[in-house]
Amino acid sequence: MLVRLPVSVSEAQECMAQGAVPIGGATLVWATWQRDGFPELAMSLRDLPEASVVESEALGAAVVLHRIDARVPEVLRRAAGTVGTGAVRRTATVGGNLVGSSLRCLLPAALVLDARATVLGPDRAYETDLPEVVAKRHLLLGLRWRTPLASGYRKEPAEAGGPPPLVVATAVHAVDGGPRQLRVAVRDGYEVLSGTAPCDAGADGAFDLLRRSDVGALPPGARDVVREQVADILDSLTER
């Protein structure tokens with residue numbers, strides 16, 4: 001297997017045109033390749049500047065999870081810190097987790113940040129939303145967002161080998177000319193649900209509004225966790 005390491009978007013597009021298979025840490029595909037055979041040509045974006053950035057409002061797709069630190073919002077940092085083991089986090093990438101994994105551990109955090117994705121198409125790089133990236137498995141270059149006023153993350157305990165643990169991500173954003181907005185995203189099993197509510201409704205009012213969104217489809221136990229997280233993040237705002 002030949003692995004190309006493009007250093008520019010144009011080089012990455014050339015690799016795509018040649019049929020290169022995108023890889024990051026290959027944590028999700030290595031066993032399959034050992035069983036079924038390795039591709040002739042692969043491509044890693046680790047040397048591409050656009051895919052390697054770690055900033056307060058940007059994160060590259062080739063960044064390995066253990067590099068995600070206090071430069072990014074708490075919700076994203078904590079989400080990355082709970083993925084797998086330390087060995088996995090030193091190898092797995094942002095792009096692999098969001099696009100290549102069925103668990104998509106970073107997706108709830110990215111959704112509450114209202115992150116936009118930059119992806120690489122055959123003829124250009126362009127911006128799109130996260131649901132499209134996940135559904136169409138685009139080649140992700142990176143994420144951008146606006147810094148929230150506050151954010152939080154909770155991952156419930158789960159037995160090894162069992163169903164994916166419940167994840168609740170929250171963030172509060174300032175809105176020009178309007179009340180602060182609470183965004184919530186929940187991973188329940190392999191499904192990710194999200195909703196928004198104005199913060200001026202208070203914790204109980206915000207939760208009631210969230211129940212009218214997709215979040216209302218959650219089972220009672222999961223809704224209780226959401227209620228607790230909504231109260232926690234809104235309380236944290238009053239303490240500042």
Side-chain angles (χ1 to χ4, degrees), residues 57 59 72-80 82-83 97-99 101-117 119 127-138 140 143-158 163-238 240:
E57 296 188 339
L59 186 63
V72 306
E74 178 184 359
V75 64
L76 191 54
R77 173 177 54 83
R78 291 178 61 189
T82 64
V83 175
N97 184 273
L98 284 171
V99 183
S101 170
S102 59
L103 292 175
R104 300 189 296 275
C105 300
L106 301 185
L107 182 58
L111 286 172
V112 299
L113 291 176
D114 199 20
R116 296 285 292 174
V119 300
E127 189 177 274
T128 187
D129 58 37
L130 286 167
E132 179 178 318
V133 173
V134 172
K136 298 185 178 180
R137 300 177 67 86
H138 289 307
L140 182 66
L143 303 173
R144 290 194 173 274
W145 59 85
R146 294 179 63 183
T147 301
L149 299 174
S151 65
Y153 182 84
R154 178 169 168 178
K155 186 175 187 177
E156 293 290 274
L166 179 75
V167 165
V168 180
T170 54
V172 174
H173 296 267
V175 178
D176 294 339
R180 294 175 296 184
Q181 194 80 10
L182 169 68
R183 300 182 66 90
V184 175
V186 184
R187 187 189 70 188
D188 180 40
Y190 293 95
E191 187 174 12
V192 177
L193 307 174
S194 62
T196 62
C199 294
D200 60 1
D204 289 340
F207 179 73
D208 286 341
L209 291 171
L210 287 169
R211 290 185 63 181
R212 303 175 195 174
S213 69
D214 291 344
V215 175
L218 292 167
R223 290 202 303 270
D224 289 342
V225 176
V226 172
R227 181 190 289 273
E228 293 173 7
Q229 291 304 101
V230 168
D232 285 348
I233 194 168
L234 295 186
D235 285 347
S236 74
L237 287 175
T238 62
R240 298 187 178 191

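Worth saying up front: this structure is predicted, and the values here are computed from it rather than measured.
- Put simply, CZ on Arg77 and OG1 on Thr82 are 11.5 Å apart, with the number rounded to the nearest 0.5 Å.
- Residue Leu210 holds its CG atom at 11.5 Å from CG of Leu193, rounded to the nearest 0.5 Å.
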*Residue pair Leu237, Arg180: steps toward the side chain to side chain contact (heavy atoms under 4.5 Å, CB included) verdict*: CA-CA 11 Å; Leu237 287 175; Arg180 294 175 296 184; 4.1 Å; yes
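- Nearest approach of Ile233 to Ser236, heavy atoms of both residues: O-OG, 2.6 Å.
- With rounding to the nearest 0.5 angstrom, the CG atom of Leu182 is 11.5 Å from the OG atom of Ser151.
- Under the salt bridge (Lys or Arg N to Asp or Glu O under 4.0 Å) criterion, the residue pairs touching residues 215-231 are Arg154-Glu228, Asp204-Arg227, with sequence neighbours excluded.
- The distance from the NE2 atom of His173 to the CG atom of Asp114 is 6.0 Å, given to the nearest 0.5 Å.
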_Before you tell me yes or no, could you show the steps for Arg116 and Asp129 under side chain to side chain contact (heavy atoms under 4.5 Å, CB included), namely the whole-Å CA-CA distance, both residues' side-chain angles and the distance that decides it to 0.1 Å?_
CA-CA 5 Å; Arg116 296 285 292 174; Asp129 58 37; 3.4 Å; yes
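- Contact of the Leu107 side chain with the Leu98 side chain is registered, since non-hydrogen atoms from C-beta on lie closer than 4.5 Å.
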*Derivation of the side chain to side chain contact (heavy atoms under 4.5 Å, CB included) call for Val133 and Thr128*: CA-CA 7 Å; Val133 173; Thr128 187; 3.7 Å; yes
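- In this structure, the side chains of Cys105 and Arg187 come closer than 4.5 Å at one or more pairs of heavy atoms.
- We find the CG-CD distance between Asp188 and Glu156 to be 11.0 Å, quoted to the nearest 0.5 Å.
- Between the CZ atom of Arg144 and the CG atom of Leu59 there is a distance of 10.5 Å, given to the nearest 0.5 Å.
- The closest side-chain heavy-atom distance from Val225 to Val186 is not below 4.5 Å.
- Under the side chain to side chain contact (heavy atoms under 4.5 Å, CB included) test applied with Val192, the options Leu111, Leu103, Asp214 reduce to a single match, Leu111.
- Side-chain atoms of Leu234 and Cys199, non-hydrogen and from C-beta on, do get closer than 4.5 Å to each other.
- Using a 3.5 Å distance cut-off with no hydrogens or angles, the side chains of Thr147 and Glu57 do pair a donor with an acceptor.
- No donor-acceptor pair under 3.5 Å is formed between the side chain of Asp200 and the backbone N or O of Pro179.
- Side chains of Trp145 and Val72 form a contact here, defined as non-hydrogen atoms less than 4.5 Å apart.
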